[in-house]
Engineer: 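Right, I'll just put the structure down here and ask away after.
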Amino acid sequence: MRILFVCLGNICRSPTAEGVFRAISARELPELTLTVDSAGTAGYHVGEPPDRRTREAAARRGYDLSSLRARVVEPRDFETFDLILAMDRQNLRTLERRAPTAAQDRLGLFLEYAPEVGTREVPDPYYGGGNGFEYVLDLIEAASRGLCEALRAGAVRPPARIPRAG
Ligand code: 4NP
């Protein structure tokens with residue numbers, strides 16, 4: 001199972017999702033082989049590590065994001081990943097526009113796996129205050145636990161492979 005988390009810049013929300021889900025799934029689903037990655041729909045920060053505020057907030061909860069580097073969603077991601085989970089509706093719409101028809105059913109919102117949190121979107125913390133980064137972590141930890149439960153229950157299945165063009 002290959003899972004890609006997507007936000008706008010790939011320096012706040014989606015690298016947090018990558019690091020947190022990797023840690024929680026390794027603990028809760030050690031028997032599953034998961035490939036976990038993240039990317040942005042915009043390229044403003046390509047090659048950069050996660051935002052310092054993101055790294056510090058994650059480190060306070062025991063997640064080390066320092067080795068991650070921002071990249072942009074590429075066309076081949078729609079073939080490589082079984083599940084492509086956006087942090088908000090704006091980025092989900094961008095993915096829906098860019099993805100081929102055969103990959104549309106791989107796209108979704110990460111917070112669909114955390115119905116109890118009362119929102120479907122992880123808000124962008126980039127221009128906000130310090131509390132935003134803690135809230136992002138709260139939401140992402142909840143959705144990571146929910147996604148692990150769904151995977152354990154067999155409720156998430158890899159779709160049939162998309163045949164390569166050409
Ligand atoms: P992210 O946050 O999408 O969670 O990585 C952002 C980071 C940078 C920008 C916007 C959002 N920016 O406009 O540079």
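Just so you know, ligand 1 is whichever comes first in the structure, and atom 1 is the first atom listed for that ligand.
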Engineer: Any non-hydrogen side-chain atom of Phe21 less than 4.5 Å from a side-chain atom of Cys148?
Structural biologist: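 Yes; the side chains approach each other to less than 4.5 Å.
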Engineer: Is there a polar contact, in the sense of an N or O pair closer than 3.5 Å, between Ser14 and ligand 1?
Structural biologist: no
Engineer: Does any N or O of ligand 1 fall below 3.5 Å from an N or O anywhere on Leu8, backbone included?
Structural biologist: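 Min N/O separation from ligand 1 is below 3.5 Å for Leu8.
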Engineer: Please identify which of these residues, Asp37, Thr35, Ile84, Leu34, meets the side chain to side chain contact (heavy atoms under 4.5 Å, CB included) condition with Arg2.
Structural biologist: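 Among Asp37, Thr35, Ile84, Leu34, the one that satisfies the side chain to side chain contact (heavy atoms under 4.5 Å, CB included) with Arg2 is Thr35.
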Engineer: Show which atoms of ligand 1 fall inside a sub-4.0 Å distance from at least one heavy-atom site of Gly9.
Structural biologist: 1 (P), 3 (O), 5 (O)
Engineer: Looking at Asn10, which atoms of ligand 1 are within less than 4.0 Å of one of its heavy atoms?
Structural biologist: 5 (O)
Engineer: Taking only heavy atoms of Tyr127, which atoms of ligand 1 are found under 4.0 Å from at least one of them?
Structural biologist: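 Within the 4.0 Å cut-off of Tyr127, ligand 1 contributes 12 (N), 13 (O).
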Engineer: What are the atoms of ligand 1, with element, lying closer than 4.0 Å to any heavy atom of Cys12?
Structural biologist: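 Checking each atom against Cys12, I get 1 (P), 2 (O), 4 (O), 5 (O).
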Engineer: Which atoms from ligand 1 have a heavy atom of Ile11 less than 4.0 Å away?
Structural biologist: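 Answer for ligand 1: 5 (O), 7 (C), 8 (C).
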Engineer: Among all protein heavy atoms, pick the one closest to atom 9 (C) of ligand 1 and tell me residue, atom and distance.
Structural biologist: Tyr126 CD2, 3.7 Å
Engineer: Give the atom numbers and elements of ligand 1 that come within less than 4.0 Å of a heavy atom of His45.
Structural biologist: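 Listed by number with element: 8 (C), 12 (N), 14 (O).
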Engineer: Which distance, rounded to the nearest 0.5 Å, do you find between the CG of Leu137 and the OH of Tyr63?
Structural biologist: 7.5 Å
Engineer: Give the atom numbers and elements of ligand 1 that come within less than 4.0 Å of a heavy atom of Tyr44.
Structural biologist: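 This gives 12 (N), 13 (O), 14 (O) as the contact atoms.
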Engineer: Answer yes or no: is there an ion pair linking Asp138 with Arg61, defined by an N-O contact shorter than 4.0 Å?
Structural biologist: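 Salt bridge between Asp138 and Arg61, a charged N being under 4.0 Å from a carboxylate O: yes.
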Engineer: What's the shortest distance from atom 11 (C) of ligand 1 to any protein heavy atom, and which residue and atom give it?
Structural biologist: Asp124 OD2, 3.0 Å
Engineer: Which residue, Leu111, Leu92, Val122, forms the side chain to side chain contact (heavy atoms under 4.5 Å, CB included) with Met87?
Structural biologist: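 Considering Leu111, Leu92, Val122, a side chain to side chain contact (heavy atoms under 4.5 Å, CB included) with Met87 is found only for Val122.
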Engineer: In the protein, what heavy atom is nearest to atom 1 (P) of ligand 1, and what distance, to one decimal place, separates them?
Structural biologist: Cys7 SG, 3.5 Å
Engineer: Closer than 4.0 angstrom, basic N to acidic O: yes or no for Glu149 and Arg145?
Structural biologist: no
Engineer: Please tell me if the side chains of Asp124 and Arg13 come closer than 4.5 Å, counting only heavy atoms from C-beta onward.
Structural biologist: yes
Engineer: Please say which of Arg60, Arg52, Arg53 ends up in a side chain to side chain donor-acceptor pair (under 3.5 Å) with Glu56.
Structural biologist: Arg52
